[in-house]
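So you know, we letter chains A, B, ... as the sequences are listed, proteins then strands, and number each from 1. A quick note: this is a predicted structure, and the numbers were derived from the prediction, not measured.
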Amino acid sequence: MNKEIAIESKIESCYECGSKNIVKDYKNGEYVCSNCGLVLQKFYDTGKEWRSFSLEEENEKARAGMPLTYSIHDKGLATSISFFDEDIYGKPLKPEQKQTFHRLRELQKRMRVSEDERTLISGLIEIERMSEHLNLPKNARERVKESASIIFRKAWKEGLIRGRRGRDIATASLYVACKQFNIPKTLDELSEVSGLSKKKIGKTYRHILEELRYSPLILPISSYASKAINEFKKYGKIEELTYKILSAAKEARLSSGRDPVGLVAASIYIASLLTGEWISQGELSKKLRRTEVTIRNRYKEMVRELLFNIEL
DNA sequence: AAGACGAAAGTGGTTGA
DNA sequence: TCAACAACTTTCGTCTT
């Protein structure tokens with residue numbers, strides 16, 4: 001599975017800016033300049049299964065020394081002054097705070113940093129802020145953040161931000177990064193931490209995928225399932241059954257084109273009926289943010305098509 | 001009263017002429 | 001660019017426990 005190999009040759013410094021800080025971006029199989037974000041070389045082909053790396057594998061690689069410096073734009077010189085009038089929770093600042101921040105920002109502007117670089121800096125700061133409030137699993141948070149930062153740098157490098165707000169790109173970068181690590185964050189959740197509409201994030205996300213030539217990022221349905229099961233804190237038999245039902249549904253081709261969360265909700269519902277640890281449609285609907293109607297539709301399909309194939 | 005059911009109308013995204 | 005379409009949502013009346 002580890003396709004890192006062969007074509008590697010030594011790259012001493014970035015062709016563009018001369019920086020010697022060349023790092024491996026494992027998610028995309030590229031050597032990237034950590035200073036300017038230029039992609040220098042691929043080290044394995046990006047086709048097919050690269051996305052299916054498990055979290056465990058990622059852990060292995062991380063321990064092998066993935067640098068943790070992407071999110072700092074320039075050796076820690078960046079001040080943490082957001083370019084938006086908000087506090088770390090994305091709430092608007094009070095007027096007097098606004099003034100203070102305005103003064104600080106003026107100071108920051110006077111440092112010899114180009115307009116372009118400021119966009120980069122504020123984007124990275126935004127990513128930092130948002131990742132802290134996204135409730136990412138502890139063991140993956142840093143790496144998601146790094147990954148998002150890399151994506152943002154690339155987008156910045158390729159001029160994707162022109163004509164767009166930096167924050168749109170920053171948020172979408174985070175979204176991509178979550179998917180790369182198989183962490184099923186919804187547009188709703190991204191919307192909450194960024195204050196942007198789901199529509200905007202989704203659009204920018206698609207734009208990034210296209211422009212940066214990422215393969216479509218489809219998470220395994222089990223990621224959604226484990227997230228949902230955690231919400232209900234129901235483990236053991238019901239959990240096991242849920243997975244069985246889901247894989248049977250997939251087998252029976254009941255899942256294509258369907259919202260994965262709806263499928264998961266229906267599976268949990270059936271599992272809850274079968275195990276006696278009953279969960280109501282209403283509760284599922286509320287916690288998983290799908291309507292009861294959708295849950296019912298999925299559940300009826302499943303009962304009709306495949307329930308009898310599931311061993312209990 | 002709470003949960004489940006399903007019809008009907010509405011929404012936002014995709015596809016294909 | 002527009003119409004048809006699939007998936008999903010909202011709303012609401014009805015039935016069951």
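When the C1' atom of B:dG12 is taken as reference, atom NZ of A:Lys199 falls 8 Å away, rounded to whole Å. Following rounding to the nearest Å, A:Arg296 (CZ) and C:dC8 (P) show an atom-to-atom distance of 14 Å. Remark: P of B:dG3 and CD of A:Glu292 are 9 Å apart, rounded to the nearest angstrom. A:Lys300 places its NZ atom 11 Å from the C1' atom of B:dA4, with the value rounded to the nearest Å. A:Lys286 has its NZ atom 13 Å from the P atom of B:dA4, to the nearest Å. We find that OH of A:Tyr299 is positioned 18 Å from P of C:dC8, with the value rounded to whole Å. With rounding to whole Å, A:Arg290 atom CZ is found 10 Å from C:dT10 atom P. B:dA2 atom P lies 19 Å from atom CD1 of A:Ile279, rounded to whole Å.
Under the 4.5 Å side-chain heavy-atom criterion for ILVMFWY residues, no single connected hydrophobic cluster contains both A:Val293 and A:Ile295.
Counting heavy atoms from C-beta outward, A:Pro137 and A:Val144 have side chains that stay 4.5 Å or more apart. Contact of the A:Ile279 side chain with the A:Lys287 side chain is not registered, since no non-hydrogen atoms from C-beta on lie closer than 4.5 Å.
A:Gly202 comes within 4.0 angstrom of no nucleic acid atom, judged by non-hydrogen atoms across all strands. Backbone-only contact: A:Ser280 has heavy atoms under 4.0 Å from sugar-phosphate atoms and none from a base.
When the shell of 6.0 Å around CG of A:Asn135 is examined, it contains 12 or fewer heavy atoms from other residues, nucleotides or ligands.
Look at B:dA1: its Watson-Crick or wobble partner, with both distances under 3.5 angstrom, is C:dT17.
If A:Val293 and A:Glu283 are placed on DNA chain B by their nearest nucleotide, the residue sitting closer to the 5' end is A:Glu283.
For A:Thr291, the side-chain atoms get nearest to C:dT10 when compared with the rest of C:dC8, C:dT10, B:dG3. For A:Arg258, the listed nucleotide lying nearest its side chain is C:dC8; candidates were B:dC5, C:dC8, B:dT14.
Phosphate contact (OP1/OP2 of B:dA4, side-chain N/O of A:Trp278, threshold under 4.0 Å): present. An OP1 or OP2 oxygen of C:dC8 is reached within less than 4.0 angstrom by a side-chain nitrogen or oxygen of A:Arg298.
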### Query
For A:Thr186 and A:Glu189, what are the C-alpha separation, side-chain angles and deciding distance, and is it a side-chain hydrogen bond (donor to acceptor under 3.5 Å, both in side chains)?
CA-CA 5 Å; A:Thr186 60; A:Glu189 290 167 288; 3.1 Å; yes

